Amino acid sequence: MKKTVLVSGGAGFIGSHVTVELCQAGYDVVIADNMSNCDETNYKGVCAILGRQLPFEKVDFCDVAATKALFAKYHIDALIHFAAFKAVGESVEQPLMYYKNNLDSFLNVLEEARIHGANVLFSSSATVYGEPDQTPVTETSPRKPATSPYGNTKQICEDFLRDCVQAYGMHGIALRYFNPIGAHPSALIGELPRGIPNNLVPFITQTAIGKRECLNIFGDDYPTPDGTCLRDYIDITDLAKAHVCAVTRMLEGKMDEPYEIFNVGTGRPVSVLELVNSFERVNGIKLNYRIAPRRPGDVTAVWADPTLARKKLGWKAVRSVDETLASAWAWEKRLAEAAK
Ligand code: UFG
């Protein structure tokens, strides 16, 4: 029988791509989202890619009764929890909003997962490593004190899951994402930042399309080969496939431990300037950019050692940065067409 996966935050950037990959791998998916940080574009795009309507529930996971009702309505075998606020700067300005939303919602789904025996996959982040002492980072590299309430919610939620697994005999996986970028090859789903983008690639594509005047490169005096920060940019479709591997591992009872953590990255450090240059070359575009002061809170360099995911999940990133940057540009152009 087909297994059912609940994707909380399934109308968002990562959730929509994961939904597509899960369905294509043969899972039934229920999408639940409170639509607080997105519109229907990605939900419609998912349905267009799959050629059918998917069950959609408008649910705020901070609402205990609504969360209970959702788990009563469907038989959920596994839950992937994306529903959370994610802007680092905003979390510094509004910590209570971040703690309330990101922690309450996860506590509520954990409670229902416990009651109904559902497996839980939590979307964590490389932010838990902070400024690492050694690169690349492995899953056993120390977690550093969080530098923002957002980062703190990722650490706390990892701990919630670890403790629940230990106490209640549940199974859980935390995936630590590095820098997810790009869009689905169909250009039907992608990132939809509200307002001025915080992240590099949406800022690049919006500058290229003329929505932003100039890209600021935050600092060229870091102790790196070209002076700009190093990150591990992971293609969104590759990232989504890691979730299918992780869910399958949980549902097929193949876990070595009831709580596992995996890095989801490429293992390749790329500098900000390299990424900008690749974008220009791949898409034949001259980007207007300037060197600006460092952005407070940025770490110099962080990239993944993805060995564990390769060995245990049978997953590795396959798409090149060039392909991914082409997909990001195709998506931005499609958005511009749709807005005409
Ligand atoms: N950058 C610029 N100009 C911009 C935006 C970003 O130069 O306009 C630079 C940043 O300084 C950084 C790099 O591009 O060096 C990547 O920045 P992003 O904002 O795209 O990504 P971050 O690495 O800061 O953050 C990402 C996620 C967070 C997550 C973190 C974990 O956005 O959610 O990785 O490391 F917490």
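Just the heavy atoms: all of them, side chains too, but no hydrogens, waters or symmetry mates, feed the values below. Please read these numbers as outputs of a predicted model, since none were measured by experiment. Counting starts at 1 for both ligands and their atoms, in listed order.
- Sorted by first and then second residue, the salt bridge (charged side-chain N to carboxylate O under 4.0 Å, His left out) pairs involving residues 216-225 (not counting sequence neighbours) are Asp221-Arg294.
- Here the side chains of Val18 and Lys241 are not in contact, with every heavy-atom distance at 4.5 Å or above.
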Ligand-protein N/O pairs under 3.5 Å (ligand 1):
{"from": "ligand 1", "atom 1": "3 (N)", "to": "Asn216", "atom 2": "O", "distance (Å)": "2.7"}
{"from": "ligand 1", "atom 1": "7 (O)", "to": "Asn216", "atom 2": "O", "distance (Å)": "3.3"}
{"from": "ligand 1", "atom 1": "7 (O)", "to": "Phe218", "atom 2": "N", "distance (Å)": "2.9"}
{"from": "ligand 1", "atom 1": "11 (O)", "to": "Asp298", "atom 2": "OD2", "distance (Å)": "2.5"}
{"from": "ligand 1", "atom 1": "17 (O)", "to": "Arg295", "atom 2": "NH2", "distance (Å)": "3.4"}
{"from": "ligand 1", "atom 1": "19 (O)", "to": "Asn198", "atom 2": "O", "distance (Å)": "3.4"}
{"from": "ligand 1", "atom 1": "19 (O)", "to": "Asn199", "atom 2": "ND2", "distance (Å)": "3.0"}
{"from": "ligand 1", "atom 1": "19 (O)", "to": "Arg295", "atom 2": "NH2", "distance (Å)": "2.8"}
{"from": "ligand 1", "atom 1": "20 (O)", "to": "Asn199", "atom 2": "ND2", "distance (Å)": "3.4"}
{"from": "ligand 1", "atom 1": "20 (O)", "to": "Leu200", "atom 2": "N", "distance (Å)": "2.9"}
{"from": "ligand 1", "atom 1": "21 (O)", "to": "Asn179", "atom 2": "ND2", "distance (Å)": "3.1"}
{"from": "ligand 1", "atom 1": "23 (O)", "to": "Asn179", "atom 2": "ND2", "distance (Å)": "3.0"}
{"from": "ligand 1", "atom 1": "23 (O)", "to": "Arg231", "atom 2": "NE", "distance (Å)": "2.7"}
{"from": "ligand 1", "atom 1": "24 (O)", "to": "Arg295", "atom 2": "NH2", "distance (Å)": "3.0"}
{"from": "ligand 1", "atom 1": "32 (O)", "to": "Asn199", "atom 2": "ND2", "distance (Å)": "2.7"}
{"from": "ligand 1", "atom 1": "33 (O)", "to": "Tyr150", "atom 2": "OH", "distance (Å)": "3.2"}

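- Taking the ring centre of Tyr259 as origin, the terminal cationic atom of Arg162 falls outside the region bounded by 6.0 Å and 45° from the ring axis.
- For Tyr233 and Phe178, the distance between ring centers is not under 6.0 angstrom.
- Between the side chains of Thr67 and Asn108, not a single donor N or O lies within less than 3.5 Å of an accepting N or O.
- Side-chain polar atoms of Asn152 and Tyr99 form a donor-acceptor pair below 3.5 angstrom.
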